[in-house]
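Have a look at the structure below, then the notes.
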Amino acid sequence: MFQDLSSKLDQAFQTLKGESKITDVNIAESVREIRRALLDADVNYEVAKKFTNGIKERAMGEDVLTAVNPGQQFTKIVHDELTELLGQERVDLSVADTPPTVILIAGLQGSGKTTFSAKLARYLKQENNRSPILAAADVYRPAAINQLKTLADSIDVPVYSIGQKDAVRVAKEAVSMAKSLALDTVIIDTAGRMHVDEEMMTEVAEIKEAVQPHETLFVVDSMTGQDAVNTAKEFNETINYDGVVLTKLDGDTRGGAALSIKTVVQKPIKFVSTGEKLDALSPFYPDRMSQRILG
Ligand code: GDP
């Protein structure tokens with residue numbers, strides 16, 4: 001993930017490392033290269049500008065010029081700023097004081113919602129010893145319900161479904177079912193459409209109102225470029241979600257747009273998904289991701 005961005009950033013650092021003496025001029029040149037690398041990777045223009053201005057300010061102000069190892073000092077500043085851009089600290093999922101914890105999953109069709117719902121169930125079961133139930137509230141497409149059932153079967157997690165009926169009812173009944181079976185987590189997979197539309201937003205908002213989830217996660221395909229950022233904004237304005245899940249980070253060479261989401265919507269990235277298999281899911285740690293991008 002982010003190979004292209006990583007190698008371009010590396011070039012920017014090499015430029016600086018190759019200089020026998022570090023000056024304001026070659027710091028400015030490296031910062032320009034970093035900005036170009038970010039824009040090439042499809043990072044939002046304003047975000048890239050703000051980010052590189054921050055680096056420049058710190059690099060010029062923090063004794064990079066007189067540091068024992070200016071190249072290293074500069075890399076550290078970029079790492080710190082990138083970690084900040086990605087959210088600084090990991091933010092965990094909220095947990096209900098009294099179970100079950102209800103987690104609502106929203107996003108466009110094809111973003112990877114259903115796959116993520118199953119991945120999250122697997123993750124919570126295996127890593128956190130939780131006992132989840134999945135709710136099939138994507139009621140418009142029988143294929144979506146079947147897909148969820150197949151995935152759930154493979155990880156031995158129950159699914160609550162009443163077929164293609166009222167999504168709000170599915171969500172509410174799944175919560176009641178969890179209570180009666182003493183299951184501690186309900187993951188609600190909702191319907192998406194190809195584009196943001198009012199009907200979809202209204203339905204997700206109605207489910208949210210009806211079940212009062214402890215956590216609402218917005219799932220977004222990081223390969224959709226700036227559309228990912230725009231969709232993240234629109235969903236946030238309507239459903240005010242708690243966290244973001246970036247999917248398909250395995251497929252990308254660009255994908256940098258997704259890195260702008262935290263800055264644009266001010267909501268933490270909580271998970272990244274890197275493949276179709278159910279174990280291809282990682283909790284998101286800003287500093288680890290920053291380290292990884294900077295190589
Ligand atoms: P939904 O319509 O939002 O529920 O999306 P799905 O979960 O059905 O996913 C759409 C397609 O993307 C499916 O073919 C998934 O296997 C695939 N997919 C989901 N997450 C990832 C991922 O992280 N990486 C890759 N390469 N494919 C993914």
Side-chain angles (χ1 to χ4, degrees), residues 1-4 42 103-124 132 134-155 157 159-161 163-164 167 170-171 174 186-197 199-201 203-204 207-208 213 215-225 227-228 230-232 234-236 238-239 241 243-259 261 269-285 289 292-293:
M1 79 182 94
F2 301 119
Q3 297 93 332
D4 217 34
D42 212 17
I103 306 174
L104 182 63
I105 312 295
L108 291 181
Q109 187 178 320
S111 60
K113 273 186 316 300
T114 303
T115 311
F116 171 71
S117 299
K119 283 180 175 184
L120 183 62
R122 177 191 174 279
Y123 173 84
L124 294 175
L134 286 152
D138 180 352
V139 294
Y140 302 103
R141 295 180 309 134
I145 301 173
N146 291 335
Q147 183 194 358
L148 189 68
K149 283 183 176 162
T150 306
L151 293 172
D153 273 354
S154 74
I155 49 173
V157 166
V159 173
Y160 185 77
S161 169
Q164 294 181 265
V170 174
V186 184
I187 300 169
I188 305 170
D189 180 26
T190 63
R193 285 175 223 269
M194 298 312 284
H195 300 283
V196 173
D197 76 24
E199 216 174 314
M200 166 181 67
M201 287 298 195
E203 182 173 284
V204 182
I207 296 175
K208 193 172 177 201
E215 182 81 35
T216 302
L217 294 174
F218 166 68
V219 178
V220 64
D221 177 346
S222 40
M223 288 170 75
T224 56
D227 280 350
N230 296 332
T231 313
E234 289 176 280
F235 268 77
N236 194 39
T238 317
I239 60 166
Y241 50 77
V244 178
V245 178
L246 304 181
T247 62
K248 309 190 193 178
L249 276 180
D250 51 309
D252 97 276
T253 45
R254 279 163 41 105
L259 299 180
I261 289 179
I269 301 166
K270 297 204 170 180
F271 287 95
V272 293
S273 160
T274 51
E276 295 187 79
K277 293 216 176 100
L278 293 188
D279 59 0
L281 181 75
S282 312
F284 184 79
Y285 289 90
M289 181 58 87
R292 192 170 173 158
I293 292 173

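Remember, it's 1-based here, ligands and their atoms both numbered in the order they're listed.
Sorted by chain and number, the residues within 4.0 Å of ligand 1 by heavy atom are Leu108, Gln109, Gly110, Ser111, Gly112, Lys113, Thr114, Thr115, Lys119, Arg141, Gln147, Lys248, Asp250, Ser273, Thr274, Gly275, Glu276.
Residue Met223 holds its CE atom at 12.0 Å from CG of Asp42, rounded to the nearest 0.5 Å.
Residues passing the salt bridge (charged side-chain N to carboxylate O under 4.0 Å, His left out) test with Arg141, sequence neighbours excluded: Asp138. With sequence neighbours excluded, the residues forming a ring-ring contact (aromatic ring centres under 6.0 Å, His included) with Tyr123 are Phe271, listed by chain and number. With sequence neighbours excluded, the residues satisfying salt bridge (charged side-chain N to carboxylate O under 4.0 Å, His left out) with Lys270 are Glu215.
Closest non-hydrogen pair, Ser111 versus Thr247, comes out as O-OG1, 2.7 Å.
Annotation: cation-pi pair Arg193/Tyr140 present, NZ/CZ under 6.0 Å from the ring centroid and within 45° of its normal.
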